[in-house]
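For reference, the structure discussed in these notes is given below.
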Amino acid sequence: MIAELGHFALILLLALGCAQAVLFCPVRMAFFRPIKLASEHGEILAQLSPEKGNAGFEADKGQTARLLWPLPVMICLLAFMAQGALIYSFIISDFSLPLVADYSHSSTPLFYRISAAITPENCAILLWISLTALASVFFWVQSHLSQRIQNTDTTLAVLGLIMALLAASAIIDGNPFLRDPAPPLDGMGFDPLRQDVLTLIHAPLLYAGLAALSVIFATTFAALPRAQLDRVWARQMGPWAVSAWLFLGAAILTGTYRSYIEQGWGQWWYWDVVENAVLLPWILATALLHCLTALEKTEALKPWTALLALSAFGAGWFGMFLVRSDWLGPLPAALIATGEHATLLIGFCIVMGGAYFLFSRTAGQLREAADFSFLSRESGLFINSVLFAVAAAIILTGTVYPLIVRWIGDSIVTVGPPFFVQALLPVVVPILLVMGLAPSLRWRQDRAFSLAGRLKLPLIMSAVITLFVWMRHINASPLPLLGIGLAAWIVTASIADLWERLRRNRDQSGTKYRNIARLGPHYTGMTLAHIGMGLLVAGASASTLWQEEIVLSARSGQSIEIGPYNLQYEGVALLPGENYATRKATFILYQNAQPLGQLSPEVRYYPVRGVETIEADVWHSRDGDLHVTVGERAEDGGRIVNIRFFPMMSWVWAGMIIILIGGIMSVFMRALLFFKKNEGPTQ
Amino acid sequence: MIRPARHFLWLFAALLVTTQPALAVLPDEMLANPVLEQRAREISKELRCLVCQNQSIDDSDADLARDLRVLVRERLVAGDSDQQTLDYIVDRYGDYVLLNPPLKPETYILWGSPFFLLIFAGVGVFAFYRRKKNDAVTNSPQALSDAERRRLDDLLRPSQD
């Protein structure tokens with residue numbers, strides 16, 4: 001009964017989404033009014049002339065949104081009702097619903113039943129719709145509280161269309177609420193690889209990111225016809241762009257850490273479809289964020305920012321389509337023939353086709369208000385965002401290439417991590433170089449000579465650090481060395497710029513002390529994110545450069561030395577888990593004969609799916625990560641143990657977290673700035 | 001509904017009989033000669049586990065990956081060079097096993113894409129600055145004409161009264 005209620009809510013949502021798309025659309029008035037007038041005057045063409053507003057659009061002052069505000073709120077409620085009904089069906093294990101039968105089991109613990117209702121790709125579309133609906137309500141609130149938001153109606157119309165298309169995809173492609181007339185006695189079980197808190201956090205973060213991107217998309221779409229991509233628009237987009245970037249970044253962090261723990265070999269990035277589907281919109285959101293800064297400051301780079309705003313959402317949608325459809329999986333031809341997930345693809349084509357068409361028609365009207373020279377902050381932001389877009393395009397090419405080759409030729413190719421590393425190298429190196437440089441550049445125009453003076457110290461310091469590392473590891477491969485050099489460059493240049501600004505600020509304000517709060521969280525957030533990125537690059541380089549690994553068959557009481565540590569293997573215990581049995585090994589960690597703690601990696605067996613999973617245990621410390629996994633009993637009677645020491649790996653995690661903290665600071669600042677009444681210049 | 005606790009008896013039984021290898025590289029596969037073993041690891045990183053997504057056989061715990069790892073080591077022990085070992089496996093499994101796609105007609109576009117995209121972006125950026133410069137020339141403020149200058153002087157001159 002509850003499932004039917006959810007089904008009803010979903011169908012009603014589709015109808016109301018369509019209604020919102022039509023009712024809020026200002027084109028409606030432009031369509032109807034000329035016809036009415038034409039009947040009076042007999043001059044149809046004259047009424048469609050551009051004096052009514054460009055391309056037949058009328059000024060959108062948000063009248064419809066003031067009148068019809070219950071519509072988006074209603075859609076949001078319906079979306080959460082449908083989502084709630086699905087979660088409820090999972091909780092009561094209603095196996096007559098095919099999704100529940102596929103992803104749950106009577107022995108699945110309650111927590112993971114909820115997780116099963118939202119994390120698998122086939123279930124997640126309801127979460128995607130719900131969060132998009134929530135974002136559109138937030139957008140309505142934002143426009144209600146601030147009088148400065150333009151095009152509220154058109155934006156909500158576009159969001160309505162997006163939600164209607166997603167709901168159509170949920171209903172047509174694989175309706176979660178259609179009951180199986182002959183339900184199975186029990187389900188297939190939850191995917192053991194997803195049975196983890198991190199996976200449950202990952203899904204809402206990812207879809208919240210996509211929802212924020214859809215608001216950005218809709219706002220841009222609405223602003224394009226009358227070319228209103230001005231400073232107000234940039235400031236209104238600010239909080240959405242940072243939060244989209246933040247949510248996607250957090251989704252990447254949780255996904256990465258999960259695969260680091262779950263895979264027995266401590267690798268954390270595979271360049272597979274699921275990862276790339278999150279990485280692509282994140283990269284474009286990063287580029288967008290940088291362009292918005294330039295636009296907000298000097299109203300430069302309008303068409304390029306608009307293109308990025310549209311494409312970021314497009315990349316997110318296309319990525320979700322690739323992941324859901326499994327077209328890159330083993331049997332794409334069969335899936336294409338049956339047209340599975342075709343609605344999601346058609347929806348993508350409608351939305352993005354419309355957006356790019358509109359962009360191509362109106363981009364010429366977007367005038368650059370500001371002029372800037374080649375050596376200026378705007379240039380730094382522009383060129384870096386172009387490089388980001390190139391990186392995204394390369395990743396997209398590499399991801400879909402196997403599919404294209406299979407389509408047009410008979411042969412199959414693999415595009416693995418080595419391709420991505422080699423192909424991205426010529427793009428990532430300049431990105432990191434500009435990243436250190438750009439914050440020190442002046443707006444509008446800068447002089448090469450004075451810039452060199454400002455960057456002299458960081459340049460020398462990073463060269464010295466690289467040289468030092470190279471002397472210590474003369475045989476090291478060039479790639480990690482390059483990474484360490486670039487990381488040193490970013491960190492030292494960021495700190496030098498911060499110091500310089502603090503000094504200037506102190507001199508200007510006439511106070512005695514350097515005060516970091518005066519620079520504003522906007523700048524501080526950026527600096528933090530850049531330093532975090534530097535730490536990440538350094539950690540990733542160092543951990544590949546100095547990685548140590550021991551694989552051995554251990555006996556109880558055996559002591560193993562690795563890196564600065566000494567591990568004592570105690571033994572393995574067979575223990576029951578919630579819905580699995582586990583072989584849990586115990587290691588005691590010593591450093592300089594002092595016990596530091598205990599590590600207990602596991603091998604879990606999930607009987608429902610008959611799958612074994614590896615749960616590594618990791619000791620994080622300033623020196624690096626100690627990554628321990630256990631396996632089977634070896635032929636000689638010992639236990640197979642795999643221990644890896646990744647020096648400076650903690651820098652990778654710390655870097656990612658610092659990047660996110662920078663983002664959080666910036667999002668609060670942008671939200672504050674937006675609601676602040678006076679329109680003073682922003683720092 | 002079956003309560004989870006009931007499962008444990010047969011769950012334990014199932015656990016005792018499973019013999020799937022869980023870790024990627026196992027000690028019993030490893031070669032005694034550390035130089036050969038290191039070469040084997042490097043080669044393994046280049047080869048794709050055929051049943052996984054973008055994992056090398058060095059990283060995979062699938063049975064098929066294990067077979068390939070053992071095969072790589074057999075070839076190395078038999079005295080093959082790294083390239084010969086790779087060729088041996090590619091002959092049997094096709095280019096599909098190579099994580100690094102080889103340059104051949106099917107992959108020209110793939111390997112060309114970074115260069116093409118970078119050149120495309122470079123041309124775009126160049127055209128952007130070029131146009132900006134032209135705009136700046138055409139839109140730059142014109143010098144004042146003599147009439148304008150006289151009028152301006154009149155306006156700026158302090159009034160007599």
Side-chain angles (χ1 to χ4, degrees), chain A residues 93 106-107 109 186 263-265 267 270-273 328-329 368 371-372 374 382-383 386-387 389-390 393-394 397-398 401 405 409 411-419 422-424 426-427 551-553 574 576 578-581 583 603 605 607 610 612 614 629-632 634-635 640 642, chain B residues 1-8 10-12 14-16 18-28 30 45-46 48 51-56 58-59 61 94-102 104-107 109-111 113-115 117-118 120-122 124-125 128-129 132 135-136 139:
Chain A
S93 291
S106 51
S107 72
D186 212 331
Q263 315 285 13
W265 38 92
Q267 228 188 315
Y270 290 94
W271 299 103
D272 73 4
V273 191
L328 291 165
E368 295 282 311
D371 188 29
F372 56 88
F374 182 71
F382 173 54
I383 289 171
V386 169
L387 289 170
V390 171
I394 291 172
T397 313
Y401 201 77
V405 169
S411 65
I412 43 177
V413 293
T414 299
V415 183
F419 168 79
Q422 292 167 51
L424 286 176
V427 187
V551 184
L552 80 167
S553 146
L574 202 58
E578 286 170 300
N579 59 339
Y580 56 87
R583 271 173 300 209
V603 180
Y605 177 70
E612 270 192 355
I614 297 164
T629 47
V630 287
E632 294 293 308
E635 279 165 14
I640 295 168
N642 194 329
Chain B
M1 218 164 79
I2 313 162
R3 264 171 305 156
R6 288 238 190 106
H7 286 270
F8 283 122
W10 61 267
L11 203 148
F12 269 85
L15 191 62
L16 293 172
T18 53
T19 49
Q20 294 173 9
L23 286 174
V25 183
L26 304 175
D28 55 335
M30 288 164 73
K45 290 199 171 88
E46 294 281 311
R48 173 193 181 127
V51 292
C52 325
Q53 265 201 351
N54 270 11
Q55 279 178 8
S56 72
D58 196 48
D59 288 341
D61 52 9
D95 285 338
Y96 186 62
V97 290
L98 293 173
L99 275 173
N100 200 5
K104 55 179 184 175
E106 285 98 331
T107 58
I109 299 174
L110 179 69
W111 281 109
S113 66
F115 301 100
L117 287 166
L118 268 177
F120 182 71
V125 169
F128 175 80
Y129 281 104
K132 181 175 277 302
D135 282 359
N139 296 341

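Computed from a prediction, not measured in an experiment: that's the story for all the values here. Proteins get letters first, then strands, A, B, ... in listed order; numbering begins at 1 in each.
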Side chain / backbone / both / neither for B/Leu117 at chain A, heavy atoms under 4.5 Å | both
Pick one of side chain, backbone, both or neither for B/Lys45, based on which atoms fall under 4.5 Å of a heavy atom in chain A.
-> neither
Can you tell if the side chain of [X] reaches within under 4.5 Å of the side chain of [Y], non-hydrogen atoms only?
X	Y	value
A/Phe419	B/Thr107	no
B/Phe120	A/Val390	no
B/Leu118	A/Leu387	yes

What is the minimum heavy-atom distance between B/Pro101 and A/Gly416, and which atoms define it?
-> CD-N, 4.4 Å
Tell me, side chain or backbone of [X] under 4.5 Å from chain B's heavy atoms, or both, or neither?
X	result
A/Ile394	both
A/Leu424	neither
A/Val413	both

Could you check which of A/Phe382, A/Tyr401, A/Phe374 has the highest count of heavy-atom pairs closer than 4.5 Å to chain B?
-> A/Tyr401
Under the 3.5 angstrom rule, does the side chain of A/Thr414 hit a backbone N or O of B/Tyr96 as a donor-acceptor pair?
-> yes
On the 0 to 90° scale, with breaks at 30° and 60°, tag the A/Phe372-B/Tyr129 ring pair as parallel, tilted or perpendicular.
-> perpendicular
